[in-house]
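Before any comments, here is the structure.
Every number for a ligand or one of its atoms is a count from 1 in the order of the listing. Atoms considered below: every heavy atom in the structure, side chains included; atoms not considered: hydrogens, waters and symmetry mates. Not measured: the values here are computed from a predicted model.
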Amino acid sequence: MKPKVFSGVQPTGNIHLGNYIGALRQFVELQDTMDCVYCIVDMHSITLPQDPEQLRQTTLDVAALYMAVGLDPKKATIFVQSTVPQHAELSWVLTCNSYTGELSRMTQFKDKSKGSESAPTGLFTYPLLMAADILLYDANIVPVGNDQKQHIELTRDLAIRFNNKFGDTFVVPDYKGMEVGARIMALDEPTKKMSKSAENIHSRISLLDKPEKVKKSIMKSTTDSEGIIRYDVSEKPGISNLLTIYSVFSGKKIDEVVQQYEGSGYGQFKKDLVEIVNEHLDPIQKKYYEIRESEELIKVLKEGGEKAGAIAENTMKRVREKIGFINL
Ligand code: AQP
């Protein structure tokens with residue numbers, strides 16, 4: 001049997017290079033050899049306030065981007081989380097089998113809530129919904145960026161705890177990150193991760209950015225005053241981040257890129273990077289605009305939802321049986 005894979009992206013805005021390099025590239029790679037289920041996790045998005053109409057649109061945008069970067073609905077199941085209610089059901093069961101202490105240790109919650117008493121409860125329980133997403137599909141492997149590693153660890157703990165208490169129920173999943181690009185940093189503040197919600201649009205490059213915007217964001221990106229292109233994350237986080245992006249899009253090793261630019265200044269390096277990124281984004285954008293308004297997109301999501309729902313219901317039958325709910 002092929003290993004099972006589950007992952008998702010929130011429709012909180014346009015997918016950026018961090019999401020693409022850290023997560024989506026892996027989704028595409030794995031679909032040829034593994035049994036993959038990929039979700040647009042709209043229920044995660046409402047942990048922070050969203051405009052309803054915009055959320056509906058960005059959900060479809062992300063689905064179209066999934067296909068534009070190369071996900072093939074014939075190979076992988078693609079669906080929207082809220083169309084499969086078992087996610088919420090399992091999340092509650094896991095909520096009742098988790099501890100507030102372990103959730104309080106999640107760094108993403110600490111970062112996003114900033115210690116505020118009025119942080120939404122959903123932000124606190126978000127990792128339990130994420131664990132439910134993964135466990136519903138018996139995933140062996142979860143391809144995500146390195147910022148999600150702690151949540152995968154929690155998912156493993158919850159699965160092991162549940163199995164010990166109620167008998168074998170869940171597959172215990174493993175984290176899978178990229179060797180290069182597991183955490184792409186913000187272009188303006190390269191010690192922070194690139195993020196959809198950062199205020200400065202030049203902190204990120206979105207997959208749908210126009211060539212001029214890409215140029216502006218890269219040319220403005222924060223570097224250092226040394227003027228030497230070398231990879232050193234702690235001393236030169238800006239240049240190291242750009243080298244990572246260059247390496248991924250050119251297919252060259254970081255060392256090779258460093259050698260290529262020996263003696264060159266940051267200006268030429270950045271100009272070349274603009275070209276490489278735009279060349280890579282061009283076919284993705286063309287495909288995206290073809291798919292976004294097509295009937296096919298809705299069909300893919302409907303069929304994906306049905307397929308995912310059947311798998312999820314099977315798992316829930318097992319769970320209901322174990323915890324003492326009536327399966328009628
Ligand atoms: N900067 C990043 N580098 C590498 N991988 C990243 N991911 C996110 N940012 C980076 C990975 O992308 C996948 C989808 O992320 P998400 O949309 O579910 O949520 P997120 O991690 O919260 O993404 P953002 O962009 O940072 O959104 P906001 O600003 O809304 O919080 C995940 O696999 C994630 O690891």
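- For ligand 1, none of its N or O atoms has an N or O atom of N146 under 3.5 Å away.
- Assignment of R204 to the shell around ligand 1 is not supported, since no heavy atom sits closer than 4.0 Å.
- I276 and I184 fall within a single hydrophobic cluster, where Ile, Leu, Val, Met, Phe, Trp and Tyr side chains are chained together by heavy-atom contacts under 4.5 Å.
- The single protein non-hydrogen atom nearest to atom 19 (O) of ligand 1 is Q10 NE2, 3.3 Å, given as residue, atom name and distance.
- A salt bridge is absent between R318 and E313: the closest approach of a Lys/Arg side-chain nitrogen to an acidic carboxylate oxygen does not fall below 4.0 angstrom.
- A salt bridge is absent between K253 and D255; no separation between the charged side-chain nitrogens and carboxylate oxygens falls under 4.0 Å.
- T315 places none of its side-chain heavy atoms less than 4.5 Å from the side chain of Q86.
- At a 4.0 Å cut-off, not a single heavy atom of M185 sits close enough to ligand 1 to count as contact.
- The residues R56 and D61 are annotated as not salt-bridged, no charged nitrogen and carboxylate oxygen being separated by less than 4.0 angstrom.
- Here is the list of ligand 1 atoms found below 4.0 Å of a heavy atom in G145: 5 (N), 11 (C), 33 (O), 34 (C), 35 (O).
- For the pair R161 and D157, the salt-bridge criterion is not met [side-chain N within less than 4.0 Å of a carboxylate O].
- Of the listed residues (K196, R183, K193), the one carrying the non-hydrogen atom nearest atom 26 (O) of ligand 1 is K193.
- Heavy-atom contacts of A23 reach the following atoms of ligand 1: 12 (O), 13 (C), 33 (O) (cutoff under 4.0 Å).
- Remark: R183 does not engage D147 in a salt bridge, criterion side-chain N to carboxylate O under 4.0 Å.
- The nearest protein atom to atom 25 (O) of ligand 1, hydrogens excluded, is given as H16 NE2, 2.6 Å; this is a heavy-atom distance.
- Scanning all protein heavy atoms for the shortest distance to atom 5 (N) of ligand 1 gives G18 O, 3.1 Å.
- Distance from atom 28 (P) of ligand 1 to its nearest protein heavy atom, with residue and atom name: S197 OG, 3.5 Å.
- Every atom of ligand 1 is numbered from 1 in the order shown, and the set under 4.0 Å from a heavy atom of N19 is 7 (N), 8 (C), 9 (N), 11 (C), 12 (O), 13 (C), 14 (C), 15 (O), 23 (O), 25 (O).
- Geometrically, ligand 1 and V9 share no nitrogen or oxygen pair separated by less than 3.5 Å.
- With a 4.0 Å heavy-atom cut-off, ligand 1 is reached by no atom of H44.
- Proximity of R156 to P173: side-chain heavy atoms (C-beta onward) are separated by under 4.5 Å at one or more points.
- The closest approach between a heavy atom of A182 and any atom of ligand 1 is below 4.0 Å.
- Taking a cut-off of under 4.0 Å to the non-hydrogen atoms of S195, the atoms of ligand 1 that pass are 25 (O), 26 (O), 28 (P), 29 (O).
- Under the 4.0 Å criterion applied to side-chain N and carboxylate O atoms, E189 and K192 are assigned as salt-bridge partners.
- Residue contacts with ligand 1 for T12 involve side-chain atoms from C-beta outward but no N, CA, C or O (heavy atoms, distance under 4.0 Å).
- A salt bridge links R320 with E89; the closest basic N to acidic carboxylate O contact falls under 4.0 Å.
- Every atom of ligand 1 with a heavy atom of M194 under 4.0 Å away is listed here by number and element: 1 (N), 2 (C), 9 (N).
- Per-residue contacts place I184 under 4.0 angstrom from the following atoms of ligand 1 (heavy atoms of the residue considered): 1 (N), 2 (C), 3 (N), 4 (C).
- To the nearest 0.5 Å, the span separating CD1 on I245 from OH on Y20 amounts to 12.5 Å.
- Contact annotation for Q108 and ligand 1: no heavy atom of the residue comes within less than 4.0 Å of the ligand.
- Within ligand 1, counting atoms from 1 as listed, the ones closer than 4.0 Å to a heavy atom of G22 are 4 (C), 5 (N).
- If you look at D147 next to ligand 1, the close heavy atoms, those under 4.0 Å, all belong to the side chain.
- Between D138 and K4 there is no salt bridge, since no side-chain N of the basic residue sits under 4.0 Å from a carboxylate O of the acidic one.
- Using a 3.5 Å distance cut-off with no hydrogens or angles, the side chains of T222 and D188 do not pair a donor with an acceptor.
- K112 NZ, 2.6 Å is the protein heavy atom nearest to atom 31 (O) of ligand 1.
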